[in-house]
Structure formats: C-alpha cells, structure tokens
Amino acid sequence: MKITILTVGKIKEKFYRQAVEEFEKRLSRYCKLEIIEVADEKTPDRASEAEELLVKEKEGQRLLKYFRDDAFICALAIEGKMLDSVELSEKIESLGVSGTSHLIFVIGGSLGLAEQVLKRADFLLSFSKMTFPHQLMRVILLEQIYRSYRILSKQPYHK
C-alpha cells in the first residue's frame with residue numbers, strides 16, 4: 001500500500017526531523033511512504049475569525065491539489081473519530097483488503113483544516129481532543145502507522 005502524509009508546513013526542529021526519518025526507515029519494509037509538505041500561511045497576530053478562515057482556505061486549496069480520486073483520504077481533525085491502535089490497524093487492513101492501494105493522511109496547519117478539506121475527506125480521525133503542533137502530530141501519526149503494521153504482521157512492539 002502507498003501511504004502519503006500530506007501536511008501543512010515544514011519541520012524545522014532537528015529532533016522532529018530525526019524522529020520522522022526513523023519512522024520512514026522502519027515503515028519502508030511495510031509500505032511505500034511519501035511525505036508531501038505544502039506551504040503554511042502566515043497568520044496575523046490577533047487575527048480575526050475572517051482572517052483565520054482565509055488562512056485555512058488558502059492552505060486547504062494547496063492540500064486539495066494533492067487529493068487523488070483513487071485514494072482514501074483520512075483527515076486528522078479534533079472532531080473526528082477516535083480509534084485505538086488495534087482499530088487503526090484494522091482500518092488500514094480493511095482498506096487494503098477492499099482494494100484501496102493509496103491512503104492519504106492529511107495534517108492541517110496551526111489553525112486546523114479548511115471546511116472544504118474536511119468535506120472531501122473519506123474519514124476524519126482524531127488522536128485527542130487536545131491540539132498538537134503539526135510537527136509533533138506527524139511523528140505521532142507515523143509511529144501509529146508503524147505500530148499498525150507491527151500489529152497486522154503479528155510482530156512484537158513495545159506497549
């Protein structure tokens with residue numbers, strides 16, 4: 001299966017980049033992984049609701065350019081469904097069994113995802129009711145994808 005992590009913004013911190021690289025290496029034996037970063041918009045200090053909406057819409061347009069009709073789109077959103085690690089692995093497995101060969105996970109910027117992105121997604125996934133920086137969320141997501149493949153292949157992985 002091909003898995004794409006489609007995300008707003010780049011990772012600047014070295015320790016996050018190192019963690020991402022480690023999970024890219026680990027996942028290479030299970031799937032074809034691709035990470036696509038789109039530019040984030042500068043949000044003005046004390047931005048109004050309308051300005052924040054505009055920022056999300058601009059980022060959303062950049063993300064939507066990478067959506068594929070043949071891919072299953074899973075957007076990370078606080079209002080999404082929470083799954084445990086086994087349920088996520090079962091979701092990935094069931095998509096593969098049903099013929100889905102491309103899974104795209106979408107991570108928004110600091111303000112979240114635009115409404116048009118959420119509406120286009122096939123599934124909304126929540127990791128928590130808390131908000132996380134997108135750089136950290138990328139690491140957490142990659143770790144959970146790796147954990148999913150370990151579960152599916154019945155290989156041990158720390159709990």
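Values in this document were obtained by computation on a predicted structure and should not be read as measured data.
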Item checked: Arg120: salt bridge (Lys or Arg N to Asp or Glu O under 4.0 Å) partners, not counting sequence neighbours -> Asp69
Check: Mind checking whether Val38 and Leu33 sit in one hydrophobic cluster, side chains of I, L, V, M, F, W, Y counted as touching below 4.5 Å?
Finding: no
Check: Is the backbone of Asp84 close enough, under 3.5 Å, to the side chain of Glu87 for a donor and an acceptor to pair up by distance?
Finding: yes
Check: Mind checking whether His134 and Val8 have side chains closer than 4.5 Å, heavy atoms only?
Finding: no
Check: Same cluster for Tyr146 and Phe15 if Ile/Leu/Val/Met/Phe/Trp/Tyr side chains link at under 4.5 Å?
Finding: yes
Check: Should Val20 and Ile104 be counted in the same cluster of Ile, Leu, Val, Met, Phe, Trp and Tyr side chains packed under 4.5 Å apart?
Finding: no
Note to self: What verdict does the side-chain contact (heavy atoms from CB on, under 4.5 Å) test give for Phe23 and Leu141, after you've listed the backbone C-alpha separation in whole Å, the side-chain angles of each residue and the deciding distance to 0.1 Å?
What the structure shows: CA-CA 10 Å; Phe23 285 111; Leu141 175 60; over 6 Å; no
Check: If every non-hydrogen atom of Gly80 is compared with every non-hydrogen atom of Ser126, which pair is closest and at what distance?
Finding: O-CB, 3.4 Å
Notebook entry, point to check: Can you tell me how far the CG atom of Leu111 sits from the CD atom of Glu41, to the nearest 0.5 Å?
Noted result: 10.5 Å
Next item on the list: Measure across Leu113 and Leu76 and return the closest heavy-atom pair with its distance rounded to 0.1 Å.
Entry: CD1-O, 3.4 Å
Note to self: For Glu13 and Gln135: C-alpha separation, side-chain torsions, deciding distance, then whether side-chain contact (heavy atoms from CB on, under 4.5 Å) applies.
What the structure shows: CA-CA 8 Å; Glu13 294 85 356; Gln135 302 95 325; 3.9 Å; yes
Check: Taking the six-membered ring of Phe123, is the NZ or CZ of Lys81 close enough (under 6.0 Å from the centre) and on axis enough (within 45°)?
Finding: no
Check: Do any N or O atoms from the side chain of Asp122 and from the backbone of Ile73 form a donor-acceptor pair under 3.5 angstrom?
Finding: yes
Check: Between CG of Leu142 and CD of Gln144, what distance do you get to the nearest 0.5 Å?
Finding: 10.5 Å
Next item on the list: Supply the atom-to-atom distance Lys42 NZ to Ser110 OG, rounded to the nearest 0.5 angstrom.
Entry: 10.0 Å
Margin query: I'd like to know if Glu22 pairs up with Arg26 as an ion pair, taking the criterion as any Lys NZ or Arg NE/NH1/NH2 lying under 4.0 Å from an Asp or Glu carboxylate oxygen.
Written below: yes
Check: Counting distance only, does the side-chain N/O of Ser98 pair as donor-acceptor with the main-chain N or O of Ser94 below 3.5 Å?
Finding: yes
Check: With a 3.5 Å cut-off and no angle check, do the side chains of Thr4 and His102 form a donor-acceptor pair?
Finding: yes
Checklist line | Residues forming a side-chain contact (heavy atoms from CB on, under 4.5 Å) with Lys10, sequence neighbours excluded | finding: Glu37
Next item on the list: Could you pull out all residues at least two apart from Leu136 that satisfy side-chain contact (heavy atoms from CB on, under 4.5 Å)?
Entry: Tyr16, Phe132, Pro133, Ile140
Checklist line | Under the ring pair (Phe, Tyr, Trp, His ring centres under 6.0 Å) test, residues paired with Tyr149 that sit two or more places apart | finding: Tyr30
Checklist line | Closest contact, heavy atoms only, Ile3 versus Cys31 | finding: CD1-SG, 4.1 Å
Checklist line | Glu143 and Arg147: CA distance, side-chain angles, deciding distance, salt bridge (Lys or Arg N to Asp or Glu O under 4.0 Å) verdict | finding: CA-CA 6 Å; Glu143 189 280 334; Arg147 184 180 296 270; 2.9 Å; yes
Next item on the list: Search all heavy atoms of Ile35 against all heavy atoms of Arg138 and return the closest pair with its distance.
Entry: CG2-NH1, 3.6 Å
Notebook entry, point to check: How long is the span from the NZ atom in Lys58 to the CG atom in Leu63, to the nearest 0.5 Å?
Noted result: 14.5 Å
Item checked: Residue list, salt bridge (Lys or Arg N to Asp or Glu O under 4.0 Å) with Arg150, at least two apart or on another chain -> none
Note to self: We want to know whether Thr43 and Glu51 form a side-chain donor-acceptor pair, criterion being a heavy-atom distance below 3.5 angstrom.
What the structure shows: no
Next item on the list: Answer yes or no: is there a donor N or O on one side and an acceptor on the other, between the side chain of Arg62 and the main chain of Ala39, under 3.5 Å?
Entry: yes
Check: Roughly how far apart are Leu88 CG and Met82 CE, rounded to 0.5 Å?
Finding: 14.0 Å
Notebook entry, point to check: Phe127: what forms a ring pair (Phe, Tyr, Trp, His ring centres under 6.0 Å) with it, not counting sequence neighbours?
Noted result: none
Notebook entry, point to check: Nearest 0.5 Å, what's the CD1-CZ distance between Ile92 and Phe72?
Noted result: 10.5 Å
Checklist line | Full working for side-chain contact (heavy atoms from CB on, under 4.5 Å) between Met1 and Leu95 | finding: CA-CA 9 Å; Met1 179 177 283; Leu95 287 168; 4.3 Å; yes
Note to self: Checking the side chain of Ser89 only, and the main-chain atoms of Ser148 only, is there a donor and an acceptor separated by less than 3.5 Å?
What the structure shows: no
Check: Looking only at heavy atoms, which two atoms of Ala114 and Gly60 are closest? And how far apart?
Finding: CB-CA, 4.1 Å
Notebook entry, point to check: Under the side-chain contact (heavy atoms from CB on, under 4.5 Å) criterion, do Thr7 and Val106 qualify, and how do the steps go?
Noted result: CA-CA 6 Å; Thr7 183; Val106 186; over 6 Å; no
Note to self: According to a hydrophobic-cluster definition based on side-chain heavy atoms being under 4.5 Å apart (Ile, Leu, Val, Met, Phe, Trp, Tyr only), do Leu124 and Tyr66 belong together?
What the structure shows: yes
Next item on the list: May I ask you to test the Leu118-Glu79 pair for a side-chain heavy-atom distance under 4.5 Å?
Entry: yes
Notebook entry, point to check: Do other residues, nucleotides or ligands put more than 12 heavy atoms under 6.0 Å from the CD atom of Glu49?
Noted result: no
Note to self: Hydrophobic clustering (ILVMFWY, side-chain heavy atoms < 4.5 Å, transitive) - are Ile36 and Val117 grouped together?
What the structure shows: yes
Check: Looking only at heavy atoms, which two atoms of Leu103 and Cys74 are closest? And how far apart?
Finding: CD1-CB, 4.3 Å
